[in-house]
Amino acid sequence: MAELAFLGGEPIRKDPLFPGYQTIGEEEKQAVAAVLDSGVLSRYLGTWHEDFLGGTQVRKFEEAWAEVHGARFGVAMNSATSGLYAAAAAAGLGPGDEMIVTPYTMTSSATAALVNNAVPVFADIDPETFNVTAETVRGKITERTKAIMVVHIFGLPADMDPIMELARERGLLVIEDCAQAPLTRYKGRHVGTFGHIGVFSLNYHKHIHTGEGSVVVTDDEGLCERLQLIRNHAEAVVEGKGTANLINMIGFNYRLGEIEAAIGLCQLDKAQGLIDRRRDNVAFLLKGFDGLDGLVPAKVPGDREHAYYLHPLTYRPDVTGVPRDLVVRALRAELPLTRLREQDGVLIGQGYVRPLHLQPLYQTLVGYGEVGCPFKCPHYAGTPNYAKGICPNVERAHETTLITHEFMRPPMSHADMSDAIDAFHKVWDNMKVLRRHEDAR
Ligand SMILES: *Cc1c(COP(=O)(O)O)cnc(C)c1O
């Protein structure tokens with residue numbers, strides 16, 4: 001049996017590096033050149049004027065995005081963080097309100113409540129899909145709940161029908177964080193169109209990107225208008241526009257520029273192909289992982305697609321007898337770095353981000369100013385609870401059972417992925433050695 005690289009053996013492959021993530025090509029170069037030639041790199045005016053809604057590329061991009069996702073309106077923003085902040089504001093979140101959200105997500109899904117002076121309440125996930133469910137959300141609803149932020153984590157749609165039914169029953173607004181799930185269907189319909197507002201991300205790490213950027217979708221004309229106002233200096237505009245509802249109409253500059261929008265149009269054309277490629281790659285990897293006891297693929301219920309922003313696997317230390325950190329360390333030692341992201345190490349990780357409720361913001365409740373708003377705001381009648389143990393499935397996944405990797409990203413070839421598969425088999429063949437190593441640790 002080949003000796004494990006982390007114990008001094010020959011690695012499966014350290015060279016050449018895995019190929020760098022690259023989705024940008026000739027089309028984008030030409031589109032950018034055309035915008036540069038036009039001289040108009042952005043065309044918003046922050047007053048009520050026909051250019052209030054931005055330039056031609058931005059408007060074309062919004063329309064195209066909304067159309068392929070089956071939404072009525074698209075509002076482009078300069079990041080999904082901006083989009084989520086604007087969505088929570090448009091939904092009317094404010095002091096005293098709560099928003100229910102998973103703690104197993106990127107920070108902005110939850111800070112979207114805080115920037116609007118509302119308090120995030122964390123709901124647990126289903127351990128097989130990593131998403132919140134109507135059941136985990138239901139137990140967190142109080143008389144203060146105003147909205148639910150549903151994150152389609154890793155690219156798998158949450159079970160939206162029961163969540164929407166619950167929301168209707170309780171009169172709650174639903175925002176979908178679709179940052180990891182563009183063009184991904186649940187029961188034949190794209191995510192982002194089930195809730196009241198859907199937010200997509202176009203940062204470099206996502207399936208398609210514009211450097212930084214986002215599109216926010218909605219079917220509701222009123223919400224669309226509020227999103228457009230918040231994106232572009234609301235307070236400076238509302239008088240001229242005659243806006244009646246001034247709640248959260250303070251405004252920001254969340255505008256996306258013409259260059260990014262032009263790139264976005266090219267990227268959108270490629271999106272389905274890039275996502276299909278990820279799905280094919282995951283199928284190839286899973287076939288290769290067959291026979292590895294204690295490594296369980298994420299459940300993908302038959303009524304939905306998975307976009308595989310990350311590929312989650314459940315690791316069962318009770319089956320292998322070896323803790324996850326040792327297995328991941330052994331796997332990393334067998335495989336090369338990825339070009340352009342050399343500093344990130346081998347792209348396989350233990351868990352995902354640290355569960356949000358355990359991070360400093362929620363552990364200290366400092367928030368805004370010296371008085372701890374919104375957690376300790378006099379308008380807030382609840383008691384924030386961010387203690388360890390509030391979301392046991394999230395904590396278990398993060399600490400012991402979840403392995404995520406990025407070996408399915410284009411342009412990884414079958415030969416590249418075969419090396420990753422060989423590394424898993426080599427480590428699994430050596431479980432007995434790892435158990436001995438662990439005993440000696
Ligand atoms: C990437 C991401 C965001 C934020 O996107 P930006 O465009 O970088 O602001 C929000 N939520 C989730 C789930 C993400 O993965």
Side-chain angles (χ1 to χ4, degrees), residues 21 23 61-62 65 74-89 99-116 120 122-123 125 129-132 147-158 160 174-184 191-192 195 197-217 227 230-231 252-257 260-261 263-264 267-268 271 275 278 298 306-312 341 344 347 349 351-356 359 361 394 397-398 402 404 406 409:
Y21 187 49
T23 67
F61 179 45
E62 291 175 334
W65 188 279
V75 183
M77 306 238 186
N78 55 15
S79 75
T81 299
S82 302
L84 291 165
Y85 289 10
M99 183 188 85
I100 298 173
V101 61
T102 172
Y104 217 31
T105 179
M106 189 261 174
T107 184
S108 310
S109 318
T111 50
L114 293 170
V115 292
N116 287 288
F122 293 116
I125 55 170
T129 62
F130 307 102
N131 277 318
V132 299
I148 308 168
M149 169 81 71
V150 179
V151 184
H152 305 295
I153 200 70
F154 307 142
L156 179 72
M160 287 309 289
V174 175
I175 301 167
E176 293 177 73
D177 180 341
C178 309
Q180 302 184 359
L183 281 172
T184 307
V191 297
I197 303 176
V199 181
F200 296 86
S201 174
L202 293 163
N203 86 28
Y204 164 66
H205 298 286
K206 299 298 176 355
H207 302 72
I208 57 169
H209 73 101
T210 59
E212 304 288 348
S214 169
V215 183
V216 182
V217 298
L227 289 163
I230 292 160
R231 167 177 69 178
F252 296 91
N253 178 346
Y254 287 162
R255 308 181 308 205
L256 187 78
E260 290 79 6
I263 295 171
Q267 288 276 290
L268 185 57
I275 295 165
R278 284 180 189 244
H306 202 310
Y308 296 114
Y309 171 65
L310 291 178
H311 181 215
R341 283 182 65 190
D344 294 348
L347 298 183
Y352 175 50
V353 294
R354 202 157 123 73
L356 297 185
Q359 298 204 19
L361 176 59
V394 168
H398 188 67
L402 175 65
T404 53
E406 301 179 38
R409 284 187 164 192

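Just follow the structure's listing: the first ligand is 1, and inside any ligand the first atom is 1. Residue indices begin at 1 and follow the sequence shown. Given the structure is predicted, the values throughout are model-derived calculations rather than measurements.
Rounding to the nearest 0.5 Å places CZ of Phe122 at 8.0 Å from CE of Met99.
His207 is listed as a side-chain neighbour of Tyr309, based on a closest heavy-atom distance under 4.5 Å. Taking 4.5 Å as the limit, every side-chain heavy atom of Val151 sits out of range of all side-chain heavy atoms of Asn131.
Within the set Met106, Met149, Gln180, His209, the minimum heavy-atom distance to atom 3 (C) of ligand 1 is found for Met106. For atom 9 (O) of ligand 1, the nearest non-hydrogen atom from the set Ile153, Asn203, Thr81, Leu310 belongs to Thr81. Evaluated by nearest non-hydrogen atom to atom 2 (C) of ligand 1, the leading choice among Glu212, Lys206, Met77, His205 is Lys206. Of the listed options Ala179, Gly83, Ser109, Ala110, Ala179 places a heavy atom closest to atom 14 (C) of ligand 1.
For ligand 1, none of its N or O atoms has an N or O atom of Val151 under 3.5 Å away. At under 3.5 Å, not a single nitrogen or oxygen of Thr105, backbone or side chain, sits near a nitrogen or oxygen of ligand 1. Ligand 1 has a nitrogen or oxygen under 3.5 angstrom from a nitrogen or oxygen of Asp177. Taking distance alone, with nitrogen or oxygen atoms compared against 3.5 Å, Ser108 stays at or beyond that limit from ligand 1. The N/O atoms of Tyr352, backbone and side chain alike, include none that comes under 3.5 Å of an N/O atom in ligand 1.
Looking at Thr81, Thr111, Asp177 one by one, the single match for side chain to side chain contact (heavy atoms under 4.5 Å, CB included) with Met106 turns out to be Thr81. Exactly one residue among His306, Gln180, Glu176 makes a side chain to side chain donor-acceptor pair (under 3.5 Å) with His152. That residue is Glu176.
Heavy-atom distances between His152 and ligand 1 stay at or above 4.0 Å for every pair.
Counted by atom type alone, Gln267 and Thr210 present zero donor-acceptor pairs between their side chains at under 3.5 Å.
Against a heavy-atom cut-off of under 4.0 Å, Ser201 is close to the following atoms of ligand 1: 1 (C), 5 (O), 6 (P), 7 (O). Near Ser79, with a cut-off below 4.0 Å to any heavy atom, the atoms of ligand 1 are 7 (O), 9 (O).
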For this session: Determine, stepwise, if the pair Leu310 / Phe130 fulfils side-chain contact (heavy atoms from CB on, under 4.5 Å).
Result: CA-CA 12 Å; Leu310 291 178; Phe130 307 102; over 6 Å; no
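Judged by the 6.0 Å and 45° rule, Arg278 forms no cation-pi pair with Tyr308.
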